[in-house]
Amino acid sequence: WQAYVYCLQNHDQVGNRPFGERMNAMASRADMLTATMLLLLLPHTPLLFQGQEYLASTPFLFFTDHPTTLATEVTVGRRRDFAQFKAFEDESLRESIPDPQDPLTFARSRLDRDEARFGLGLLAVDFHRQLLHIRATDPVLRAYREQRLPIEAKTVSQAGVLRFTAGGGRGWLVVNFGGEVAFCVDDTQGGEILLHTNEGRFGGIGGAPHLVDGRLTVPASCALWMTGKP
């Protein structure tokens, strides 16, 4: 599994957008935390784009530093490339796309590291740390990275349910991008929800997921990690 590197976003995906918006500028915080849990707990090797760990607000624009002739071609060419999109049929709107050669375009792309030191940015950093701790220490997840065991998966409405079984343990990773869902998990003993994205300590909002008599209820835009025994 570790030979496969995957991500939610990278420099190409963000930088090639006209205004360099990061995924968290377009998705809700709840959905970003949900997607992050999927990213960090699967056995593949995750890639975090710079600043993603604190949901950076700064864009990552396409910037260059070319000699004069090439500089003009790059500026004109980039704006011309977007002309094929309906949203940029208007030439005046294309002119608003940041000039790759403008030093300000580069400056705007610099990270504001203070965002990771307070408020929601700090809570997001702690969320990433907690997930990476689970990834490193959970024996079931470790076994999957070492042995490439099969992952059992199913969907329930807009939720994905992944089950991991190794040795004497079992884990469930549930990621829900839709409304509240409920389904039966009748193959677990002593099932325990260890972490979920709606926890206040991570800046989450909404109710907590709960497991009662083998029935798991997951709130809208929420993810969780649950453990138990086969």
Side-chain angles (χ1 to χ4, degrees), residues 6-9 13-14 17 19-42 46-60 111-138 141 153-163 171-185 188 191-228:
Y6 74 120
C7 62
L8 299 179
Q9 58 187 338
Q13 294 169 328
V14 180
R17 294 184 61 80
F19 302 108
E21 306 98 327
R22 294 167 178 269
M23 181 179 287
N24 54 282
M26 298 172 283
S28 69
R29 181 181 178 85
D31 281 341
M32 280 300 299
L33 296 184
T34 297
T36 297
M37 183 172 284
L38 182 65
L39 173 73
L40 295 183
L41 294 190
L42 283 177
L47 179 152
L48 287 169
F49 180 56
Q50 54 189 23
Q52 182 177 324
E53 69 276 14
Y54 54 89
L55 304 182
S57 66
T58 50
F60 184 76
L111 291 172
D112 179 1
R113 297 186 183 277
D114 283 340
E115 290 185 329
R117 300 188 178 102
F118 64 88
L120 293 176
L122 180 60
L123 299 184
V125 169
D126 187 50
F127 178 67
H128 283 74
R129 285 175 174 158
Q130 292 297 322
L131 289 179
L132 290 172
H133 176 73
I134 291 174
R135 177 186 181 89
T137 59
D138 187 279
L141 293 180
K154 67 177 180 178
T155 58
V156 180
S157 188
Q158 290 179 271
V161 183
L162 294 87
R163 185 172 68 175
W172 288 261
L173 173 58
V174 182
V175 289
N176 181 20
F177 292 100
E180 180 179 287
V181 296
F183 53 92
C184 292
V185 187
T188 180
E192 179 182 6
I193 298 172
L194 297 184
L195 183 147
H196 65 85
T197 56
N198 279 359
E199 295 183 44
R201 59 177 172 149
F202 304 132
I205 59 174
H210 53 272
L211 177 67
V212 179
D213 296 330
R215 186 171 178 81
L216 179 64
T217 302
V218 185
S221 299
C222 179
L224 63 90
W225 173 248
M226 182 175 70
T227 61

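If you're wondering where the values come from, they're calculated on a predicted model, not measured in any experiment.
In this structure, CG in Leu195 is found 5.0 Å from CZ in Arg201, a value given to the nearest 0.5 Å. Note that CD of Glu199 is 9.0 Å distant from SG of Cys222, once rounded to the nearest 0.5 Å. Separation of atoms CD1 (Ile134) and CG (Leu141) is listed at 8.0 Å; rounding is to 0.5 Å. Distance check: Leu55 CG to Glu115 CD gives 9.5 Å after rounding to the nearest 0.5 Å. Note that NE2 of His133 is 9.5 Å distant from CG of Asp138, once rounded to the nearest 0.5 Å. We find the NE2-CG distance between His210 and Leu224 to be 11.5 Å, quoted to the nearest 0.5 Å.
Leu47 and Cys7 make their closest contact through O-CB, 3.6 Å (heavy atoms, listed as atom of the first residue, atom of the second, distance). In terms of heavy atoms, Gly171 sits closest to Trp225 at CA-CH2, 3.6 Å. Across all their heavy atoms, Thr58 and Arg22 have their closest contact at O-NE, 2.6 Å. Among all heavy-atom pairs drawn from Gln9 and Gln13, the shortest one is CA-OE1, 3.0 Å. The shortest non-hydrogen separation linking Met23 to Leu8 is CE-O, 3.1 Å. Nearest approach of Tyr54 to Ala124, heavy atoms of both residues: CA-CB, 4.0 Å.
In this structure a side-chain-to-backbone donor-acceptor pair under 3.5 Å is missing from Asp31 to Phe177. Checking side-chain atoms of Gln130 against main-chain N and O of Phe127 turns up no donor-acceptor pair under 3.5 Å. One N or O on the side chain of Asn176 and one on the backbone of Gly179 form a donor-acceptor pair closer than 3.5 Å.
A 6.0 Å sphere centred on CD1 of Ile205 holds no more than 12 heavy atoms belonging to other residues, nucleotides or ligands.
Electrostatic pairing of Asp114 and Arg117 counts as a salt bridge here, judged by a charged N lying under 4.0 Å from a carboxylate O.
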ask   = Is there a side-chain contact (heavy atoms from CB on, under 4.5 Å) between Leu131 and Arg135 once you walk through the steps?
value = CA-CA 6 Å; Leu131 289 179; Arg135 177 186 181 89; over 6 Å; no

Full working for side-chain contact (heavy atoms from CB on, under 4.5 Å) between His196 and Val218 = CA-CA 10 Å; His196 65 85; Val218 185; over 6 Å; no

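At least one side-chain heavy atom of Phe60 sits less than 4.5 Å from a side-chain heavy atom of Gln50. Here the side chains of Arg17 and Met26 are in contact, with some heavy-atom distance below 4.5 Å. Here the side chains of Met226 and Val174 are not in contact, with every heavy-atom distance at 4.5 Å or above. Side-chain contact between Leu216 and Phe183 is present, with at least one heavy-atom pair separated by less than 4.5 Å. Side-chain contact check for Arg29 versus Leu123: some heavy-atom pair is nearer than 4.5 Å.
Between Pro46 and the choices Thr36, Leu41, Leu39, Leu38, the side chain to side chain contact (heavy atoms under 4.5 Å, CB included) rule is met once, by Leu39.
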